[in-house]
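Structure first, then comments.
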Amino acid sequence: MPPYITVHQVWQAAQRIEPYIRNTPAVYSKSLSNLPQPSSQAGAAEPSPTCNFYLKLENLQDIGAFKVRGAANAILTLSEEERAKGVATFSTGNHGLAVAYVAQRLGIPAVVCISNDVPQRKVNAIQNTGAEIRVVGHSQDEAEHYCYELEKNEGFAVIKPFDDANVIAGQGTIGLELLKEVPQLDAVIVPLSGGGLIAGVGLALKSNHPKVRIIGVSMEQGAAMYESIQAGHPVAVKEMPTLADSLRGGIGLENEYTLAMVQSLVDEIVLVSEEAIADGMRFMFREHGMVVEGAAATGVGAVLHQLIPDLTGNVAILITGRNVDDNLILNLLQPSSS
Ligand SMILES: *Cc1c(COP(=O)(O)O)cnc(C)c1O
């Protein structure tokens, strides 16, 4: 079992964050389940489904992404005194939005440090919560460095985006819900960046059902966790433009929790092309009438492009968020672009 964190902390988190989150549904996807899988015979008229796919709809959270779970758990475990001084974070967007949202609900100050490359829609959403935004530099690293300066100089408590026991436990509550929603779960497909989500979900699921297959999905370019697993230690990656902007950024060279947890809990990591991500987004719109962001479409993209071998049984795909700029989604849905 992984270091430091137990499933007990995930159960505690579930109770603590209850008033701040929605228990999201895991809906059966008929259209995805009916697609021919790699193993089905060529030429078969109506291939019988080999998988039942369920979509865990975290895009339905108030802030449009699952990150409210980890942020709420981390902020609610601070002391009264710490909370009163306010919280700060650095983020590609959804975590910043989550921290700002929870701070607003608690009536405490929040500062969100972001880089220049964060999509405007996310910046606007953060500003609407009343949080203060400071735009610094062109990478996650620069925003992070600045944020710790704020902690030193102005007394804010830094809420880390993924490499934190309380954040991981909060994200893990998705795994507890899945246990109830999808009986006899065989596999779960999880968009993967810093690894807080997959570490928590993996912990919650494997503590209860050690045989559940945990599959991470990242984009081909700049997959920090994938590269770090290959190397056996945290490595820095070059950040590249991608439709899955929420998956950008490193895992932190001083990584404490998520690398070790991914090493022990995750069965495999697959990498998806930009085309697969785009196909996943289009599929979610056309088949389910849902706008989801690139990061959230990586799991569906991986299935559509048949990148995960030997999938069988009941498979949950985490649909992690819906925060995408209008123009990006409109362009993707142009008939000429598929
Ligand atoms: C943060 C995020 C992820 C990845 O979560 P990690 O804990 O960093 O691995 C996936 N999808 C969306 C929409 C996110 O915001």
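These numbers come from a predicted model, not from an experiment. In each ligand, atom 1 is the first atom listed, and ligand 1 is the first ligand listed.
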Q: Start with the C-alpha distance between D279 and R282, add both sets of side-chain angles, then the distance that settles salt bridge (charged side-chain N to carboxylate O under 4.0 Å, His left out), and finish with yes or no.
A: CA-CA 5 Å; D279 285 342; R282 286 190 278 257; 3.0 Å; yes

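- Of the heavy atoms in S193, both backbone and side-chain atoms come closer than 4.0 Å to ligand 1.
- Taking only non-hydrogen atoms, the option from N59, I63, V190, L247 nearest to atom 4 (C) of ligand 1 is L247.
- Against a heavy-atom cut-off of under 4.0 Å, F66 is close to the following atoms of ligand 1: 1 (C), 2 (C), 3 (C), 5 (O), 10 (C), 11 (N), 12 (C), 14 (C).
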Q: Kindly determine whether E268 and R213 satisfy salt bridge (charged side-chain N to carboxylate O under 4.0 Å, His left out), including the steps that lead there.
A: CA-CA 9 Å; E268 67 220 89; R213 188 172 160 198; 2.8 Å; yes

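- Within 6.0 Å of OH in Y226 there are 12 or fewer heavy atoms belonging to other residues, nucleotides or ligands.
- For atom 7 (O) of ligand 1, the candidate residues are I168, D163, L197; the nearest heavy-atom contact is made by L197.
- Close contacts of ligand 1 with E293, meaning ligand atoms under 4.0 Å from a residue heavy atom, involve 13 (C).
- No more than 12 heavy atoms of other residues, nucleotides or ligands shown are found within 6.0 angstrom of CD on E18.
- In this structure E149 satisfies the salt bridge (Lys or Arg N to Asp or Glu O under 4.0 Å) test together with K152, sequence neighbours excluded.
- Between G194 and ligand 1, a contact under 3.5 Å exists for at least one N or O pair.
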Q: Test R248 against T242 for side-chain contact (heavy atoms from CB on, under 4.5 Å), laying out the working first.
A: CA-CA 8 Å; R248 294 176 61 194; T242 170; 3.6 Å; yes

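- Remark: ligand 1 atoms within the under-4.0 Å shell around heavy atoms of G196 are 6 (P), 7 (O), 9 (O).
- By the 4.5 Å heavy-atom criterion applied to side chains, K56 and E177 are counted as neighbours.
- Contacts with ligand 1 closer than 4.0 Å are made by no heavy atom of Q171, backbone or side chain.
- Distances between N or O atoms of G195 and those of ligand 1 include at least one value under 3.5 Å.
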